[in-house]
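Only one structure is covered here, and it is reproduced in the block below.
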Amino acid sequence: MKIVTWNINGVRARIGNLTHWLTESAPDIVCLQEIKTLDDQFPRAEIEALGYNVETHGQKGFNGVAILSKLRFDEVTRGLPGDDSDEQARFIEGVFSTDKGALRIASLYLPNGNPIDDDKKFPYKLSWMERLERWAQERLRLEEALVLAGDYNVIPEPIDARFPENWLGDALFQPQTRQAFRRLLNLGFTEAVRAVTDKPDTYTFWDYQAGAWQKNNGIRIDHLLLSPEAANRFSAASIEKHVRAWEKPSDHVPVAIDLALQPA
DNA sequence: ATGTCAACTATGAGTTGA
């Protein structure tokens with residue numbers, strides 16, 4: 001089963017791009033971030049026409065996440081628990097039935113957190129990461145195949161940036177950010193891409209500005225975290241980098257994994 | 001060179017967020 005995460009950076013601006021990619025890549029389940037639309041304006045008909053079920057958690061103008069799936073959703077939950085005052089749409093969870101039992105997948109869009117001296121933005125990022133850790137700890141107790149996929153806005157290690165020194169003052173590469181990400185991993189997750197390669201120049205995002213793509217000035221911030229039960233079925237990971245060279249691209253590219261699971 | 005882009009407000013051009 002092929003599972004992919006992709007920050008689409010505006011699903012309405014990118015619908016042609018998305019349907020072309022769905023046809024080419026043929027994923028079973030897709031976690032989208034930054035759909036930048038209300039649920040009732042999501043272009044679901046074009047996606048359903050390709051055989052996908054669609055569940056969204058959108059908001060006006062920015063943020064927003066979705067899950068597209070060839071498998072029927074058994075359950076859907078919107079929003080990350082832990083702060084009832086948080087109105088930003090950054091988290092959706094779906095549960096599916098497979099031949100090996102339940103498969104639980106979350107599509108998450110972790111706060112950017114810049115600038116770090118703002119009195120709200122970086123603290124919001126860190127508190128969101130604490131909420132995510134608590135949620136993950138609880139879900140791991142279920143001992144299910146669990147995939148936590150999305151735009152983490154975290155550069156885990158210096159090797160995950162072409163020019164790590166450029167990111168020292170950035171929320172994506174702060175010691176507190178990296179430490180929170182390691183805490184999450186250390187609950188027992190396998191980070192899929194780094195489990196299969198230690199190569200440098202393994203990036204998932206290239207800024208639109210300053211010719212970052214042409215210069216390969218990239219960072220790796222889109223990740224898939226696997227519970228032990230998912231990691232035991234994990235066979236491959238790939239970054240679909242060619243999509244960044246398409247017309248009107250997102251600044252992120254799809255990151256895919258294969259799990260040895262079949263729809264029930 | 002903060003060099004780009006999407007969506008908002010508002011109906012041409014500025015703001016926000018990334």
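A, B, ... follow the sequence lines: proteins, then strands. Residue 1 opens every chain.
Every salt bridge (charged side-chain N to carboxylate O under 4.0 Å, His left out) that A/R72 has, sequence neighbours left out, goes to A/D74. Evaluation of the salt bridge (charged side-chain N to carboxylate O under 4.0 Å, His left out) rule for A/D160 yields A/R194, A/R220 as partners, not counting sequence neighbours.
Close approach of DNA chain B to chain A, defined as any atom under 4.0 Å from a non-hydrogen atom of the protein, starts and stops at B/dT2 to B/dA18.
The separation of B/dA18 from B/dA1, taken at their P atoms, amounts to 26 Å, rounded to a whole angstrom. For the P atoms, the distance linking B/dA10 with B/dT15 amounts to 13 Å, nearest Å. Spacing between B/dT2 and B/dA7 at atom P, rounded to whole Å, works out to 26 Å.
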Inset, instruction - Report the C-alpha distance between A/T177 and A/L172 in whole Å, list the side-chain angles of each, state the deciding distance to 0.1 Å, and finish with yes or no for side-chain contact (heavy atoms from CB on, under 4.5 Å). - result: CA-CA 7 Å; A/T177 304; A/L172 280 60; 5.9 Å; no
Inset, instruction - Just do the side-chain contact (heavy atoms from CB on, under 4.5 Å) check on A/D170 and A/I155 with the steps written out, would you? - result: CA-CA 10 Å; A/D170 196 286; A/I155 301 167; 5.9 Å; no
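Within the 4.0 angstrom heavy-atom criterion, only backbone atoms of the sugar-phosphate kind lie near A/K121; the bases stay farther away. In this structure, A/F205 reaches neither bases nor backbone, as no heavy-atom distance under 4.0 Å exists between it and the strands shown. At a threshold of 4.0 angstrom between heavy atoms, the contacts of A/A210 include nucleobase atoms, whether or not backbone atoms are also involved.
Here A/T56 contributes atom OG1 and A/D39 contributes atom CG; the two are 3.0 Å apart, rounded to the nearest 0.5 Å.
A perpendicular orientation is assigned to the rings of A/F181 and A/Y152, their planes being inclined by more than 60° (bins at 30° and 60°).
Take the nearest nucleotide of DNA chain B for A/R12 and for A/D207: the residue whose nucleotide is more 5' is A/D207. Two residues, A/K36 and A/Y109, neighbour DNA chain B, and the one matched to the more 5' nucleotide by heavy-atom proximity is A/K36.
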